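Just below is one structure, and these are the notes that go with it.
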Amino acid sequence: MYEWVKMATFAAVLLEHDSLVEVDGTLNLTAEERRKRILGWQTEAGEQFYFELPRGIYLHDEDLVHIPDRDLVLRVAPRPEPVMTVRASSPLQLLRASYHLGNRHVPLQISETWLRFPPDPVIAEMLQEMGLTVEEEIVPFYPEVGAYHHHH
């Protein structure tokens, strides 16, 4: 459990990708953390604090978060996390798996040749019974954010 210093909440504003902006640190986040409004960060000197993002923000890799109260700019980077990767012998088989996973509201990353979701042995067993290959990995996870969600 984290022992964060109790400090005031700092509003954070997303900046456009700009190579001229000086970055003070990296915010390594899992897929779930990139959706949270309140995040914590620790400086190189060991100072820990929380900051708050505006509602409806979903952070993406390389986004820059400006924390005005601290005059800090942090770059978002993915933190590898445990996932299950599904592979199929045909595109139709992968499409069927996507249907069943969506029907169960499983967070899902979709590519042309595989699907990725958070570890769930029950779901993995269902997919294996359908003839798909499921393997555990630790990689960055980028689930779909939904049809009605827009970037920034």
Side-chain angles (χ1 to χ4, degrees), residues 1-87 94 97-98 100-128 132-152:
M1 187 164 139
Y2 294 108
E3 296 270 341
W4 292 98
V5 173
K6 296 191 187 285
M7 302 181 82
T9 301
F10 302 98
V13 178
L14 295 172
L15 302 174
E16 295 299 318
H17 302 278
D18 187 344
S19 60
L20 301 178
V21 173
E22 186 177 326
V23 176
D24 300 298
T26 303
L27 200 52
N28 294 305
L29 303 171
T30 64
E32 183 178 331
E33 291 168 336
R34 291 191 301 267
R35 290 187 175 140
K36 289 186 176 184
R37 285 192 59 219
I38 298 176
L39 297 167
W41 193 69
Q42 181 174 327
T43 66
E44 285 184 16
E47 182 183 13
Q48 301 166 327
F49 62 91
Y50 285 112
F51 60 91
E52 183 176 359
L53 295 169
R55 285 193 185 279
I57 295 297
Y58 179 81
L59 295 173
H60 295 78
D61 291 354
E62 302 299 316
D63 279 349
L64 299 177
V65 178
H66 181 228
I67 304 171
D69 292 8
R70 295 285 173 146
D71 195 28
L72 287 174
V73 175
L74 305 176
R75 183 178 311 280
V76 175
R79 181 179 341 161
E81 58 189 295
V83 296
M84 293 187 149
T85 300
V86 180
R87 298 189 197 290
L94 199 62
S98 297
H100 288 288
L101 291 167
N103 221 13
R104 287 161 179 79
H105 302 280
V106 172
L108 190 62
Q109 181 179 350
I110 302 169
S111 87
E112 291 181 12
T113 58
W114 50 259
L115 305 171
R116 221 171 246 154
F117 61 94
D120 185 323
V122 173
I123 297 290
E125 184 178 340
M126 174 195 74
L127 294 169
Q128 289 166 335
L132 293 118
T133 303
V134 181
E135 64 181 320
E136 294 182 33
E137 297 183 293
I138 298 178
V139 295
F141 180 47
Y142 305 97
E144 294 290 317
V145 293
Y148 298 107
H149 193 284
H150 302 287
H151 181 59
H152 311 316

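FYI, side chains are in, hydrogens and waters are out, and symmetry mates aren't considered; it's all heavy atoms of this structure. In this text the structure is predicted, and so the values were computed from the model without any measurement.
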Exercise. In sequence, state the C-alpha distance, the side-chain angles, and the governing distance for Trp41 and Leu72, and then conclude on side-chain contact (heavy atoms from CB on, under 4.5 Å).
Key: CA-CA 11 Å; Trp41 193 69; Leu72 287 174; 3.8 Å; yes
Self-check item: Student check: side-chain heavy atoms of Phe51 and Asp69 closer than 4.5 Å
Solution: no
Quiz item: What is the ring orientation for His60 with Tyr58, classed by angle as parallel under 30°, tilted 30 to 60°, or perpendicular over 60°?
Solution: perpendicular
Quiz prompt | Gap between atom CG of Leu39 and atom CG of Leu59 - 0.5 Å precision | solution = 6.5 Å
Exercise. For Glu81 and Ala31, work out which heavy atoms get closest and say how close.
Key: OE2-N, 2.9 Å
Quiz item: Got a sec: does the CD of Glu135 have more than 12 other heavy atoms crowding it under 6.0 Å?
Solution: yes
Self-check item: Student check: side-chain heavy atoms of Pro78 and Glu33 closer than 4.5 Å
Solution: no
Self-check item: Minimum-distance pair of heavy atoms, taken over all atoms of Gly40 and Leu27
Solution: O-CD1, 4.1 Å
Quiz item: Considering all heavy atoms of both residues, which atom of Thr26 and which atom of Ala77 are nearest to each other, and what is their separation?
Solution: CG2-CB, 3.6 Å
Quiz prompt | Check: Glu52 main-chain N/O paired with Arg37 side-chain donor or acceptor under 3.5 Å | solution = no
Quiz item: Less than 4.5 Å apart, any side-chain heavy atom of Leu132 and any of Leu115?
Solution: no
Quiz item: Quick one: CE on Met84 to CZ on Phe141, what's the gap to the nearest 0.5 Å?
Solution: 12.0 Å
Quiz item: Side chains of Thr85 and Arg116: is there a donor and an acceptor less than 3.5 Å apart?
Solution: yes
Self-check item: Candidate pair Arg70 and Glu47, rule salt bridge (Lys or Arg N to Asp or Glu O under 4.0 Å), full reasoning
Solution: CA-CA 12 Å; Arg70 295 285 173 146; Glu47 182 183 13; 2.5 Å; yes
Self-check item: Value rounded to 0.5 Å, distance of CG in Leu74 from CG in Leu64
Solution: 9.0 Å
Please tabulate, for side-chain N and O atoms in residues 103-110, each donor-acceptor pair with protein atoms closer than 3.5 Å (sequence neighbours left out).
| unit_1 | atom_1 | unit_2 | atom_2 | d |
| --- | --- | --- | --- | --- |
| Arg104 | NH1 | His100 | O | 3.0 |
| Gln109 | OE1 | Tyr142 | N | 3.0 |

Quiz item: Under 6.0 Å from the CD atom of Glu137, do we count more than 12 heavy atoms belonging to anything else shown?
Solution: yes
Exercise. To the nearest 0.5 angstrom, please state how far the CZ atom of Arg34 sits from the CG atom of Leu29.
Key: 7.0 Å
Self-check item: Any side-chain heavy-atom pair of Ile138 and Pro80 under 4.5 Å
Solution: yes
Quiz item: In terms of heavy-atom contacts, does CD of Glu32 have more than 12 from other residues, nucleotides or ligands at under 6.0 Å?
Solution: no
Quiz prompt | Chi angles and distances behind the side-chain contact (heavy atoms from CB on, under 4.5 Å) call for His66, Asp71 | solution = CA-CA 7 Å; His66 181 228; Asp71 195 28; 4.1 Å; yes
Quiz item: About how many Å separate CG of Asp120 and CE of Met126, when rounded to the nearest 0.5 Å?
Solution: 9.0 Å
Practice problem: Report yes if the side chains of Val65 and Leu53 come closer than 4.5 Å at any heavy-atom pair, otherwise no. | Solution: yes
Practice problem: Could you walk me through whether Phe117 and Ile123 pass side-chain contact (heavy atoms from CB on, under 4.5 Å), step by step? | Solution: CA-CA 9 Å; Phe117 61 94; Ile123 297 290; 3.7 Å; yes
Quiz item: If you measure from CG on Leu94 to OG1 on Thr113, what distance do you get to the nearest 0.5 Å?
Solution: 7.5 Å
